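One structure below.
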Amino acid sequence: MQPALPRLKTALCRTADSLVCPKNPQTNRNTGLIRLIAFAAMAVDHAGKMLFPQYPALRLIGRLAFPLFAYLIAVGAVYTRDPLRYLSRVVALALISQPLYALALDHETAAMYAVPFLSHPLQAMCSFYMGSWQKPSILLSLSLGLALLLCLRSRRFALALGLYVLCERFAGSLDYGIHGIRLMLLFYALCEHPLCSLAATLSYLLLVWAKGFGYSFFGFTFGMQVYALPALLFVHLPLRSRLKLPRVVAYGFYPAHLLVLALIVKLA
């Protein structure tokens with residue numbers, strides 16, 4: 001009995017360490033391909049909302065995007081060699097993209113135009129920018145999720161708990177709410193255990209989305225988010241691809257596609 005106890009303790013410590021600070025993801029490591037699929041799904045979703053609302057299937061395709069972005073954030077938190085620089089890039093992308101998000105996807109508010117530009121141009125620009133944050137983009141959720149994961153990676157558990165409580169408190173202002181943050185946590189903690197990750201994320205998403213309505217499967221009714229479930233296959237299948245997107249594409253696609261969409265919508 002005695003020799004088995006140290007081995008059990010060692011195994012438990014290794015398991016706990018792999019959950020809190022994973023180092024070698026065993027889920028899909030072809031992040032370039034996953035990013036490309038996520039970009040395509042997102043672009044189809046946004047085009048479906050603003051340009052082709054008569055084709056609801058486009059919005060269903062777009063449901064794939066968020067779980068894929070959540071996974072990319074989780075894997076990025078594991079792989080990055082410079083956590084602060086990685087976080088600063090995602091935050092900067094969120095700050096730059098927010099007004100484009102409001103313009104492109106019909107999230108403009110009265111506060112954005114409260115100050116006449118011709119009379120007070122600088123104040124008007126500030127008002128426009130601050131007003132655009134009444135409906136934050138997905139990048140706010142991804143930024144907070146990344147910050148939380150990086151706190152776990154560096155074993156700053158008190159700060160991680162504080163960030164999680166903050167996300168819970170303001171979940172109503174986050175795209176995908178607290179469920180998006182929890183999904184990033186699951187992807188991160190279980191990335192070294194692909195079968196457990198698939199079972200846990202599938203079960204969690206089904207449990208969350210079973211409260212929806214509109215689409216019935218096997219006697220249960222779900223919201224449109226249920227069409228995001230195929231994204232879990234891309235996350236967990238060992239797809240063979242060496243595709244690597246240039247950094248300018250990886251970080252520039254989001255604001256660029258919003259700018260193009262905004263121009264089309266405003267000029268149409």
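In this text, all values refer to a predicted model and were calculated from it rather than measured experimentally.
Connectivity analysis of hydrophobic side chains (ILVMFWY, heavy atoms under 4.5 Å, direct or indirect) links L84 to nothing; its cluster partners are none.
Contact annotation: the side chain of P116 never approaches that of L118 to less than 4.5 Å [non-hydrogen atoms, C-beta and beyond]. In this structure, S137 and Y254 have side chains that are in contact, with non-hydrogen atoms separated by less than 4.5 Å.
Looking at every heavy atom in both residues, R35 comes nearest to A250 through CD-CB, 3.8 Å. Nearest heavy atoms, A77 versus L149: CB-CB, 3.9 Å. Here the closest non-hydrogen pair linking A102 and S132 is CB-CB, 3.9 Å. Pairing each heavy atom of A171 with each of I178, the nearest pair is CB-N, 3.8 Å. Of all heavy-atom pairs spanning A228 and L64, the tightest one is O-CD2, 4.1 Å.
Using a distance-only test at 3.5 Å, with no hydrogens or angles considered, a donor-acceptor pair links the side chain of N28 to the main chain of L237.
Here the CG-CG distance, from L148 to L161, works out to 9.5 Å after rounding to the nearest 0.5 Å. How far CG of L163 is from CD1 of I181: 9.0 Å, rounded to the nearest 0.5 Å.
In this pair, F187 and Y71 present their aromatic rings perpendicular. The plane angle is above 60°, beyond the 30 to 60° band. Ring-plane geometry between F253 and F39 is classed as parallel, the angle between the planes falling under 30 degrees on a 0 to 90 degree scale with a further cut at 60.
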Stepwise, does the side-chain contact (heavy atoms from CB on, under 4.5 Å) test hold for L140 with D175?
CA-CA 8 Å; L140 178 59; D175 206 358; over 6 Å; no
Walk me through it: do R182 and E168 pass the test salt bridge (charged side-chain N to carboxylate O under 4.0 Å, His left out)?
CA-CA 10 Å; R182 291 172 182 168; E168 282 272 13; 2.8 Å; yes
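Annotation: Y55, atom OH; neighbour count of heavy atoms from other residues, nucleotides and ligands within 6.0 Å does not exceed 12. No more than 12 heavy-atom neighbours from other residues, nucleotides or ligands sit within 6.0 angstrom of CZ on F52.
For the pairing with L258, the side chain to side chain contact (heavy atoms under 4.5 Å, CB included) check across L100, L263, L103 returns one residue only, L100.
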